[in-house]
Amino acid sequence: MSLSQDDVKRIARLARIETSDAEAQATQAQLNTIFDLIATMQAVDTRGIEPMAHAQEVTQRLREDAVTETDRRDVFQAIAPAVENGLYLVPKVIE
Amino acid sequence: MNPFDTSLSALAAQLATKQVASRELAQVYLDRIAALNGTINAFITVDPEKTLREAAAADAAIAAGQAGPLTGVPIAHKDIFCTDGWLTTCGSKMLSNFVAPYDAHVIERFKAAGLPSLGKTNMDEFAMGSSNETSFYGAVKNPWDTARVPGGSSGGAAACVAARMAPAATGTDTGGSIRQPAAFTGITGLKPTYGLVSRYGMIAFASSLDQAGPMAPSAEDCALLLNVMTGFDPRDSTSLERDKEDYTRDLDKPLAGLRVGLPREFFAEGLNNEVAAAVEAAVAELKKLGATTVEISLANSKLAIPVYYVLAPAEASSNLSRFDGVRYGHRAPEYADLNDMYAKTRAQGFGAEVKRRILIGTYVLSHGYYDAYYLQAQKIRRLIAHDFAEAFKACDVILGPTAPGTAFRIGEKSDDPVEMYLNDLYTIPANLAGLPGMSLPCGFDGKGLPIGLQLVGDYFSEAKMLNVAHQYQRVTDWHARRPEGLQS
């Protein structure tokens with residue numbers, strides 16, 4: 001398998017990372033070397049093997065449906081790039 | 001006073017008996033940081049005023065008879081841990097303006113135990129790297145040879161301990177990020193069993209692999225630090241509910257009857273001869289202490305790197321989607337619309353290695369490729385964990401090299417990602433299986449660079465591993481050596 005420059009640009013678009021043609025070209029070669037390395041696992045016969053997502057077989061805990069957090073909006077919004085009246089500001093998306 | 005050759009337990013004893021105050025001790029280290037950081041670049045942020053305020057509080061606790069085992073001993077924290085009121089960058093431009101509004105669990109623990117923070121240590125950007133060269137704040141220099149890397153991603157932590165700019169440091173390890181830099185700088189570092197230390201407030205890279213641990217000159221130091229760090233935390237969904245352990249309890253046990261497993265795959269081609277010789281000499285030392293050896297096989301470990309470079313980037317691409325320029329961190333100054341703001345913010349905020357890994361992760365998780373990559377990698381992950389389970393039927397601890405070579409030159413491998421990835425050949429399998437692993441110094445190569453030996457234990461066998469390491473350190477002095485001639 002080999003990624004084309006268009007593939008790289010498509011993946012970068014999905015990942016929301018602006019990428020110029022020159023960057024895509026440089027990245028393409030490096031990604032293909034990495035995917036060559038990754039490809040070595042394709043030959044392994046894993047039929048019947050259960051995928052392992054985590055080291056410990058733990059299940060999600062449940063807790064009482066009670067308020068555990070205090071209101072820290074002002075503290076959290078003090079480090080935001082743009083806020084107004086307690087809201088985060090982003091470019092307009094709905095006309 | 002000269003605290004630089006003093007163990008944490010001895011420092012704590014001097015503090016408890018008021019031979020030295022925490023404020024004095026913190027000042028000694030702050031002075032050394034001020035003198036050496038220009039050369040080593042181990043710290044991203046130091047704030048002497050905050051440090052001394054925390055030290056004064058520790059002195060007050062000691063005076064009030066409320067001291068714990070390490071109260072007043074200063075410590076450096078990797079800049080991956082959110083620290084209330086401290087700049088917390090994770091080595092990235094993306095978080096270069098992020099002053100954390102809360103403490104990570106690990107930070108809370110050390111604060112509660114009375115250890116003043118000396119500052120935040122440099123690291124590979126978002127912990128993605130094995131050399132510390134991917135940091136937005138510049139490469140960290142290895143104190144043993146400043147033309148060489150200290151390893152990564154906890155390179156600042158390792159370098160500051162090696163140069164005695166801090167008595168101890170916290171690190172994190174996703175694929176070897178505590179152990180490989182510990183090996184490259186001649187210190188001891190331990191990655192605990194996955195789930196023992198809470199990940200709350202530790203900026204996420206690959207959540208099923210990330211684990212925090214201690215870095216310090218000796219195994220005894222690490223045991224004391226581990227006592228502080230571990231414990232259940234409901235805010236981390238994978239934190240394990242277990243009874244509190246004392247990790248120092250077995251340090252003095254004799255090693256007679258210990259079965260040491262030597263994986264033949266870890267002594268095969270690709271291993272530097274000097275590293276192999278030093279590790280073999282350490283095995284001989286353990287035999288003198290009563291250990292026996294048994295050859296074992298970790299046949300699937302050769303697949304650990306390809307498996308890791310599917311799973312870790314997949315988890316990273318998801319975790320790092322939070323950096324969008326909306327709630328915190330960098331936002332691009334100019335953009336056309338919302339999507340453009342995201343894309344420009346992320347293009348500007350992330351460095352090359354982080355972008356590469358996000359792209360790999362995005363691709364392997366995308367429609368039509370999930371089964372071939374992500375699911376296949378998770379299945380082989382189980383095979384790797386199974387190899388360890390079989391091995392531990394025949395041995396108590398697994399021993400091998402931490403890294404295939406010693407510290408390499410800055411710039412030597414930075415243009416070839418795959419070459420860089422191969423550094424973590426021996427450390428990644430323990431992360432995939434979730435097993436504890438540690439690195440301890442076992443000699444020097446012909447260039448005078450430290451060599452690290454790795455121990456991998458069964459789940460929750462940290463006390464046993466620390467016992468082995470401590471007994472080895474009682475009869476050797478590799479861990480007590482420190483670089484000479486460091487100047488500002």
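In the text below, chain A, chain B and the rest are named by the order of the sequence lines, each starting its count at 1.
Checked against the 6.0 Å centroid criterion, the rings of Phe323(B) and Phe98(B) do not qualify as a close aromatic pair. A centroid separation of less than 6.0 Å is found between the aromatic rings of Phe35(A) and Tyr373(B).
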Could you walk me through whether Thr230(B) and Arg242(B) pass the side chain to side chain contact (heavy atoms under 4.5 Å, CB included) test, one step at a time? CA-CA 10 Å; Thr230(B) 53; Arg242(B) 289 175 57 82; over 6 Å; no
For Ser208(B) and Arg381(B): C-alpha separation, side-chain torsions, deciding distance, then whether side-chain hydrogen bond (donor to acceptor under 3.5 Å, both in side chains) applies. CA-CA 12 Å; Ser208(B) 81; Arg381(B) 183 178 184 181; 3.1 Å; yes
Could you walk me through whether Asp36(A) and Thr33(A) pass the side-chain hydrogen bond (donor to acceptor under 3.5 Å, both in side chains) test, one step at a time? CA-CA 5 Å; Asp36(A) 286 345; Thr33(A) 334; 5.9 Å; no
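Counting only N and O atoms by type, the side chains of Asp210(B) and Ser207(B) include no donor and acceptor under 3.5 Å apart.
Residue contact with chain B, scored on non-hydrogen atoms closer than 4.5 Å, is absent for Arg13(A). Within the 4.5 angstrom heavy-atom criterion, no atom of Ala352(B) approaches chain A. Only the side chain of Glu241(B) comes within contact range of chain A, judged by heavy atoms closer than 4.5 Å. Contacts of Leu432(B) with chain A are made by backbone atoms alone, with heavy-atom separations under 4.5 Å and no side-chain atom involved. Contact annotation for Ser321(B): neither backbone nor side-chain heavy atoms come within less than 4.5 Å of a heavy atom of chain A. Only the side chain of Leu303(B) comes within contact range of chain A, with at least one heavy atom under 4.5 Å from a heavy atom of that chain. With a 4.5 Å cut-off on non-hydrogen atoms, Ala385(B) touches chain A through its side chain but not through its backbone. Residue Pro417(B) touches chain A through its side chain alone, counting heavy-atom pairs closer than 4.5 Å. Looking at Val307(B), the atoms closer than 4.5 Å to chain A (heavy atoms on both sides) sit in the backbone and in the side chain alike. Of the atoms belonging to Asp324(B), not a single heavy atom falls under 4.5 Å from chain A. Interface remark: Gln30(A) contributes side-chain atoms only to the contact with chain B (heavy atom separation under 4.5 Å). With a threshold of 4.5 angstrom between heavy atoms, Tyr374(B) does not approach chain A through any atom at all. If you measure heavy-atom distances from Val44(A) to chain B, the contacts under 4.5 Å come from both the backbone and the side chain. In this structure, chain A has no heavy atom under 4.5 Å from any part of Ser317(B). In this structure, chain B has a heavy atom under 4.5 Å from the side chain of Thr27(A), while its backbone stays farther away.
Under the 4.0 Å criterion applied to side-chain N and carboxylate O atoms, Arg235(B) and Asp233(B) are assigned as salt-bridge partners.
With hydrogens and angles disregarded, no donor-acceptor distance shorter than 3.5 Å links the side chain of Gln42(A) to the backbone of Ala39(A). Side chain of Ser239(B) to main chain of Pro234(B): no donor-acceptor pair is present (N/O by atom type, distance under 3.5 Å, no hydrogens or angles).
In this structure, OG1 on Thr362(B) lies 10.5 Å from CZ on Arg16(A), to the nearest 0.5 angstrom. Distance CD1/Ile358(B) to CD/Glu353(B): 10.5 Å, rounded to 0.5 Å.
Contact tally against chain B (heavy-atom pairs below 4.5 Å) for Val90(A), Leu31(A), Ile49(A), Val83(A): the top residue is Ile49(A). Chain B forms the most heavy-atom pairs under 4.5 Å with one residue out of Ile34(A), Val75(A), Leu14(A), and that residue is Ile34(A). With chain B as the partner, the residue from Pro91(A), Ala55(A), Ala82(A) showing the most heavy-atom pairs under 4.5 Å is Pro91(A).
Heavy atoms of other residues, nucleotides or ligands lying less than 6.0 angstrom from NE2 of His54(A) number more than 12.
For a heavy-atom cut-off of 4.5 Å, chain B lies close to Gln60(A), Arg61(A) in residues 59-68 of chain A.
Proximity of Arg327(B) to Arg322(B): side-chain heavy atoms (C-beta onward) are separated by under 4.5 Å at one or more points. Using a 4.5 Å cut-off on side-chain heavy atoms (C-beta onward), Tyr200(B) and Tyr102(B) make contact.
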